[in-house]
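What follows is a single structure, written as structure tokens, with notes after it.
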Amino acid sequence: MSIAVIYGGTRPNSNTEMLTEHVIQDLETERIFLKDYHIKPIIDMRHSTEGFQDRKDDYNSIIDRILPHDILIFSTPIYWYSMSGIMKNFIDRWSQTLRDENYPNFKAKMALKKAFVVGVGGDDPLIKGLPMIQQFKFIFNFMGINFAGYVIGNGNKPDDILQDKNALFTASQIHNELQLLTK
């Protein structure tokens, strides 16, 4: 089984990125940093006669990168009790891919995947980050993706996550599970 990590943060070496790296240490992964791509917002054309149009951006190249993988890790800071804007923008575009004839069976292909979520926030994230986890759960349920687990860490200033022993422990547990899955 192969792993793709989709990073939704905008700050290099952020607490979220550090916690994610703890999850995937020593594992072969494909890392996709959404901040490095131009992804236009969705224009909802579900009910128009012309349907969705190609947005001429980098979105499809990211879909092409994640589709071959069996495990997806969504890594995002917790912003306003939810995922980052660039992560949400990326997932919103799935509505377009569901109707794109260049990606037949997109939903069925995604339903074969396992997903994990890594999130870090600074304002009581173990409670206030739960709406984000629920949001991912609903997204995964709709797509048929197996939601295999998550870790929420507490961190605001650089390197704060290194003090969150519970999050680091949970990240290690997910790492051990991923090791077993990828053997």
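Basis for what follows: all heavy atoms, side chains included, without hydrogens, waters or symmetry-related copies.
The structure places CG of Leu72 at 10.5 Å from CZ of Phe116, a figure rounded to the nearest 0.5 Å. In this structure, the separation between CG on Asp124 and CG on Asn154 is 8.0 Å, given to the nearest 0.5 Å. Rounded to the nearest 0.5 angstrom, Met1 CE and Leu180 CG are separated by 12.0 Å. Rounded to the nearest 0.5 Å, atoms CZ (Arg93) and CG (Asn60) are 7.0 Å apart. To the nearest 0.5 Å, the span separating CD1 on Ile86 from NZ on Lys35 amounts to 8.0 Å. A distance of 13.5 Å separates NZ in Lys137 from CD1 in Ile145, rounded to the nearest 0.5 Å.
Between Gln179 and Lys183 the shortest heavy-atom distance is O-CG, 3.1 Å. Val151 approaches Ala167 most closely through the heavy-atom pair CG2-O, 3.5 Å. Counting all heavy atoms, side chain and backbone alike, Gly153 lies closest to Pro125 at O-CG, 3.4 Å. Ser2 and Asp70 make their closest contact through N-OD2, 2.8 Å (heavy atoms, listed as atom of the first residue, atom of the second, distance). The two residues His69 and Ala4 come nearest to each other via the heavy atoms CD2-CB, 3.4 Å. For Met83 against Met87, the heavy-atom pair with the smallest separation is SD-CG, 3.5 Å.
Counting heavy atoms from C-beta on, the side chains of Ile152 and Leu130 come closer than 4.5 Å. Met132 places none of its side-chain heavy atoms less than 4.5 Å from the side chain of Tyr79. Counting only heavy atoms from C-beta outward, the side chains of Gln135 and Ser82 approach each other to under 4.5 Å. In this structure, Leu168 and Leu19 have side chains that are in contact, with non-hydrogen atoms separated by less than 4.5 Å. Looking at Tyr37 and Asp57, their side chains never come closer than 4.5 Å, going by heavy atoms from C-beta outward. Between Tyr7 and Asp36, every side-chain heavy-atom pair lies at or beyond the 4.5 Å cut-off. Inter-residue side-chain proximity for Thr97 and Tyr59 is flagged as met; some heavy-atom pair is nearer than 4.5 Å. Ile66 is listed as a side-chain neighbour of Met110, based on a closest heavy-atom distance under 4.5 Å.
With respect to Arg31 and Glu21, a salt bridge is recorded, a charged nitrogen being found less than 4.0 Å from a carboxylate O.
When the options Val5, Val117, Thr29 are evaluated for a side-chain contact (heavy atoms from CB on, under 4.5 Å) with Ile73, the one that passes is Val5.
Val120 is connected to Val23 through a chain of hydrophobic side-chain contacts under 4.5 Å among Ile, Leu, Val, Met, Phe, Trp and Tyr, so both are in one cluster. Linking ILVMFWY residues whenever their side-chain heavy atoms come closer than 4.5 Å, directly or via other members, leaves Met143 and Ile3 in distinct clusters. Under a hydrophobic clustering in which Ile, Leu, Val, Met, Phe, Trp and Tyr are joined whenever their side-chain heavy atoms come within less than 4.5 Å, directly or via other members, Phe142 and Tyr150 fall into the same cluster.
When atom types are taken as modelled, the side chain of Lys113 and the backbone of Leu67 share a donor-acceptor pair closer than 3.5 angstrom. No side-chain donor-acceptor contact under 3.5 Å links Lys107 to the backbone of Pro104. Checking side-chain atoms of Asp100 against main-chain N and O of Gln96 turns up no donor-acceptor pair under 3.5 Å. At distances below 3.5 Å, not a single donor-acceptor pair connects side-chain atoms of Ser75 with backbone N or O atoms of Glu17. In terms of modelled atom types and a separation under 3.5 Å, the side chain of Asp58 and the main chain of Ile39 share no donor-acceptor contact. Not one N or O on the side chain of Gln163 forms a donor-acceptor pair closer than 3.5 Å with the backbone of Asp160.
Aromatic ring pairs are classed by plane angle as parallel below 30°, tilted from 30° to 60° and perpendicular above 60°; the pair Phe90 and Trp94 is perpendicular. Classification of the Phe140-Phe136 ring pair by plane angle, with boundaries at 30° and 60°, yields tilted.
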Verdict with reasoning, Leu162 to Met18, per side chain to side chain contact (heavy atoms under 4.5 Å, CB included): CA-CA 8 Å; Leu162 300 176; Met18 283 199 249; 4.2 Å; yes
Between Thr16 and Arg11, does the side chain to side chain contact (heavy atoms under 4.5 Å, CB included) criterion hold? Intermediate values first, please. CA-CA 9 Å; Thr16 307; Arg11 199 172 47 183; over 6 Å; no
With side chain to side chain contact (heavy atoms under 4.5 Å, CB included) as the test, would you mind laying out the steps for Phe147 and Ile139 before giving the verdict? CA-CA 10 Å; Phe147 189 8; Ile139 292 164; over 6 Å; no
